[in-house]
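These numbers were taken from a predicted model, which means no experiment stands behind them. When a residue number appears, it is its place in the shown sequence, counting from 1.
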Amino acid sequence: MDLISILIALALDQTDLRHTSKRLLSTLADYLCGGWGMPGLIAVISVVFLGHALLRTLSPVLEGVFNTIILVICVGMGELMTGVGEYLMMRSHDDEEGARHVASALVERDVYSSGVRLTREVLAGVLVEGHARTVGVLFWYLILGPAGALLAALSRRIALPTCTTKGHALPMAGTLYWGLDWLPARLSALSYGLAGSLTHAISNWRARTEGWNDPNTVVLVTSGTGALLLETETSGDPLAKATPEDQNAAVESALALVMRALAVWVTAVALVTLGGWLK
């Protein structure tokens, strides 16, 4: 049932339904940032956990529908793909201001750079957001069910810098999200290698990080750029002298890498599910 819910949710995320689901997630995150705080987060996750437990006892079909609804709210691959498409269109029309605006929405923070630096920021953003909107959610869904998926999605939202601008600081939010995302980020880093160049992903990861406490975003970007055979911000950076067309191609390659990594995860879940059915 988990595999079916994941596949349906990923399919629905490619439709216009994702706009409604993302508004629901944003509204809930706004309430948490605006005053509910950590007690509100605990209450929301508890309600989802208990609701799932109740539906599980009543009917597998109701449980599956509930799981799918929560997953559609939490995942965001369709939104990422649309954002990258809009960014590439702006760049192809030499609309730097429009590209920066789309990039800011894509990485969920203000972006002021241009040219190659803008490409680097978007490429890194695709690798980080691609993980956060897929594997980061699916990992905790497989561990804790729909409550885990919602916990991962909401903790990421309230850890964003924009949360503090909505009236209520959540000092524990960053630590919470780092802890929740520590293992999933490293599994995503490994899947980037499996979806690209595993040798370069691991070597770049090891060379550019220092220890177990490295920020999760650093792990994702270093492994992802290694898997893509890109080593940004170095003297050998292939983007440094790349044409605008090649820069756009690099961003497209990053998105394709994220999609392949997601396919690796779905395949792994399918194999485990099939093994359970065969037993």
Can you hop from [X] to [Y] via hydrophobic side chains spaced under 4.5 Å?
X    : Y    : value
V48  : I42  : no
L176 : L183 : yes
L25  : F139 : yes
V221 : Y177 : no
L229 : I202 : no

Going by side-chain hydrogen bond (donor to acceptor under 3.5 Å, both in side chains), name the pairs with one or both residues in residues 55-66, residues two or more places apart or in two chains. H52-E63

Output every pair passing side-chain hydrogen bond (donor to acceptor under 3.5 Å, both in side chains) with a member in residues 42-51, not counting sequence neighbours, ordered by first then second residue. none

Can you list the steps and then say if L228 with L257 is a side-chain contact (heavy atoms from CB on, under 4.5 Å)? CA-CA 8 Å; L228 291 168; L257 179 73; 3.9 Å; yes

Check: [Y] main-chain N/O paired with [X] side-chain donor or acceptor under 3.5 Å:
X    : Y    : answer
Y192 : S197 : no
E129 : L80  : no
S26  : R23  : no
D13  : M77  : yes
W140 : P146 : no
T134 : L262 : no
R120 : V116 : no

Please report the C-alpha distance between E79 and K22 in whole Å, then the side-chain angles of each, then the deciding distance to 0.1 Å, and finally whether the salt bridge (Lys or Arg N to Asp or Glu O under 4.0 Å) criterion is met. CA-CA 9 Å; E79 191 177 36; K22 298 310 171 290; 5.7 Å; no

Using the rule given for side-chain contact (heavy atoms from CB on, under 4.5 Å), can you reason through R156 versus R133, listing the C-alpha separation, both sets of side-chain angles and the distance that settles it, and then say yes or no? CA-CA 10 Å; R156 168 178 167 268; R133 301 180 191 211; 3.8 Å; yes

Do you know the tightest heavy-atom contact between [X] and [Y]?
X    : Y    : result
A152 : V137 : CB-CA, 4.3 Å
L118 : A103 : CD1-CB, 4.0 Å
G226 : H200 : O-CB, 3.1 Å
A189 : L220 : N-CD2, 4.2 Å
R18  : T82  : NH2-OG1, 2.8 Å
L7   : V266 : CD2-CG1, 3.7 Å

[X] side, atom [atom1]; [Y] side, atom [atom2] - distance, nearest 0.5 Å:
X    : Y    : atom1 : atom2 : answer
H131 : L187 : NE2   : CG    : 9.0 Å
L190 : L198 : CG    : CG    : 6.5 Å
I70  : S5   : CD1   : OG    : 11.0 Å
N67  : I4   : CG    : CD1   : 11.0 Å
L144 : L150 : CG    : CG    : 11.5 Å
L123 : E121 : CG    : CD    : 11.0 Å

Would you say T225 and N204 are linked by a side-chain donor-acceptor pair, where the criterion is simply a distance under 3.5 Å? yes

For a quick check under 3.5 Å, do D246 and T243 share a side-chain donor-acceptor pair by atom type? yes

Decide side-chain contact (heavy atoms from CB on, under 4.5 Å) for M38 and I158; before the verdict, give the C-alpha distance in whole Å, the side-chain angles of both, and the deciding distance to 0.1 Å. CA-CA 9 Å; M38 287 298 175; I158 64 177; 4.1 Å; yes

Is the shortest heavy-atom distance from the side chain of [X] to the side chain of [Y] under 4.5 Å?
X    : Y    : value
N216 : R186 : yes
L142 : I6   : yes
T119 : V251 : yes
V111 : R109 : yes
L106 : V126 : yes
M89  : H93  : yes
R100 : D110 : no
Q14  : M81  : yes

Can you check side-chain contact (heavy atoms from CB on, under 4.5 Å) on V102 and V122, steps first, answer last? CA-CA 10 Å; V102 173; V122 172; over 6 Å; no

Just to verify, what does Y87 make a side-chain hydrogen bond (donor to acceptor under 3.5 Å, both in side chains) with, not counting sequence neighbours? R91

